[in-house]
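Below is one structure, written out as structure tokens, with a few remarks after it.
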Amino acid sequence: MEVANNKLLKGADLAAKLLMQVAKDAKDLKSKDVPLGIAFISIGEDPASKVYLTRKRKIAASIGIESIDCNFNENTSTEKLIYEIEELNKRKDVTGILVQLPIPKSIDSFKAINAIDPKKDVDGFTVENIGRLITKQKCLVPCTPQGCVALIKSVEQNISGAHAVIIGRSHIVGRPLSELLLQENCSVTVLHSRSKKPEEIARTADILISAVGEPKLVHEGWVKPGAIVIDVGITRAVDENGKKKLIGDVDFENVINKVKAITPVPGGVGPMTIAYLMKNTIDAAKLFI
Ligand code: GUN
């Protein structure tokens with residue numbers, strides 16, 4: 001299907017622009033002998049996590065950020081993980097730490113994430129950073145929500161007063177994104193699995209963001225004509241020829257005719273998440289100068 005190019009919100013293009021600036025900042029910091037290093041913690045062998053981490057490491061390397069790989073087996077205890085995180089907190093060459101999610105249920109993810117020094121919490125997931133975000137203090141802000149806002153604002157700079165509907169209330173995307181959009185003076189509605197008449201509410205959105213992981217949940221009937229649609233959902237599937245593919249939450253082909261702008265999957269939000277991870281790593285390193 002031919003897609004009207006001017007409606008396609010290509011995160012890859014915007015991410016490349018952001019990364020150019022981040023690379024400049026990285027070079028500048030390195031010339032001042034400021035270390036730049038992200039510790040990537042993963043537990044077990046989740047295939048999707050491996051793909052994401054490979055991508056994150058590759059982009060980090062391309063802009064001069066060191067990667068420190070910390071893979072633990074799936075029987076690792078919460079205590080052992082916290083001990084290792086505390087060791088990373090002490091290291092001068094580690095300026096950012098992230099725990100790639102999901103992690104096994106046997107580990108207390110809340111305790112593990114909150115063992116990260118908030119100044120090195122490049123995902124912005126610690127209680128301290130989330131608390132600072134909602135009280136509008138300087139902090140490290142979760143990457144995917146930052147990417148969503150940048151994509152939206154690349155279409156419409158002033159979104160004050162717009163009705164933004166977020167589908168999904170996760171700590172990683174939905175909740176922090178609701179805060180960022182409130183800070184842009186949007187009226188924000190968050191829909192979730194218990195919401196009544198979600199389709200009717202979604203249809204009133206000027207800006208519609210879906211972050212659920214349910215393929216094609218958002219079909220034509222959920223979308224107001226002229227809306228900006230951001231698809232954060234990624235589901236791994238296999239097509240009729242046995243080829244692996246990624247499917248978003250939005251029924252892209254049937255929705256594109258109605259919208260002002262829409263992100264594709266893949267190549268939409270994903271690259272923006274990584275670009276903001278790199279930006280956060282630079283911002284985190286500056287906290288130690
Ligand atoms: N798993 C899915 N998205 C993310 C993310 O933004 N950060 C981390 N650490 N894990 C994830």
Side-chain angles (χ1 to χ4, degrees), residues 11 15 18 37-60 65 67-72 74 76 81-82 84-85 88 94-105 107-118 120-130 133 139-151 166 168-180 209-214 230-236 246-249 263 265-266 268-281 283-284:
L18 178 62
I38 314 181
F40 292 106
I41 299 173
S42 57
I43 299 112
E45 302 296 324
D46 182 65
S49 291
K50 279 186 188 245
V51 173
Y52 292 135
L53 285 175
T54 302
R55 214 169 285 160
K56 288 175 182 177
R57 279 192 294 260
K58 192 171 157 202
I59 293 180
I65 297 175
S67 290
I68 297 98
D69 289 324
C70 312
N71 177 252
F72 298 97
E74 60 186 11
T76 302
L81 188 58
I82 289 174
E84 296 295 341
I85 290 171
L88 291 166
V94 175
T95 50
I97 302 172
L98 74 78
V99 176
Q100 184 65 30
L101 301 173
I103 59 176
K105 291 213 163 35
I107 291 172
D108 186 329
S109 61
F110 178 83
K111 280 190 184 160
I113 286 167
N114 283 289
I116 300 172
D117 178 344
K120 296 189 178 188
D121 168 27
V122 285
D123 262 329
F125 290 167
T126 56
V127 164
E128 168 135 358
N129 276 313
I130 292 292
L133 174 66
C139 62
L140 292 164
V141 178
C143 306
T144 303
Q146 285 195 81
C148 292
V149 173
L151 283 162
I166 302 166
R169 54 180 159 174
S170 72
H171 288 275
I172 298 182
V173 184
R175 286 170 199 249
L177 179 57
S178 69
E179 177 57 30
L180 292 186
I209 305 112
S210 187
V212 179
E214 198 177 319
I230 307 291
D231 191 350
V232 185
I234 294 181
T235 303
R236 278 153 206 282
L246 300 176
I247 311 178
D249 286 355
T263 56
V265 174
V269 176
M272 295 297 286
T273 297
I274 301 183
Y276 275 99
L277 176 65
M278 300 304 138
K279 182 178 183 300
N280 277 358
T281 304
D283 291 346

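Computed over heavy atoms, backbone and side chain alike; hydrogens, waters and symmetry mates excluded. Just follow the structure's listing: the first ligand is 1, and inside any ligand the first atom is 1.
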For this session: Tell me which protein heavy atom sits closest to atom 11 (C) of ligand 1, plus the residue, atom name and distance to 0.1 Å.
Result: Gln100 NE2, 3.5 Å
Exercise. Given Glu45 and Asn71, is the side chain to side chain contact (heavy atoms under 4.5 Å, CB included) satisfied, shown in steps?
Worked result: CA-CA 9 Å; Glu45 302 296 324; Asn71 177 252; 3.7 Å; yes
For ligand 1, which is the ligand I care about here, please tell me if [X] has any N or O atom under 3.5 Å from one of the ligand's N or O atoms.
X	result
Leu101	yes
Val99	yes
Asp123	yes

Problem set entry | Non-hydrogen atom of Phe125 closer than 4.0 Å to ligand 1 |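 Per 4.0 Å heavy-atom rule, Phe125 contacts ligand 1.
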For this session: For the pair Asp123 (side chain) and Pro142 (backbone), establish whether a donor and an acceptor sit closer than 3.5 Å, ignoring hydrogens and angles.
Result: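 No, because the side chain of Asp123 does not come within donor-acceptor range (under 3.5 Å) of the backbone of Pro142.
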Exercise. Is it the side chain (CB and beyond), the backbone, both or neither of Leu277 that lies under 4.0 Å from ligand 1, heavy atoms counted?
Worked result: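 None of Leu277 does.
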Problem set entry | Of all pairs that satisfy salt bridge (Lys or Arg N to Asp or Glu O under 4.0 Å), the ones with a partner from residues 268-280, not counting sequence neighbours | Lys279-Asp283
Could you go through residues 110-117 and list every donor-acceptor pair under 3.5 Å that involves a side-chain atom there, pairing it with any protein atom two or more places apart or in another chain?
residue, atom, partner, partner atom, Å
Asn114, OD1, Val127, N, 2.7
Asn114, ND2, Phe110, O, 2.9
Asp117, OD1, Lys119, N, 2.9

Exercise. Which atom pair, heavy atoms only, marks the closest approach of Ala15 to Pro271?
Worked result: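 Smallest interatomic distance, heavy atoms only, reads CB-O, 3.5 Å.
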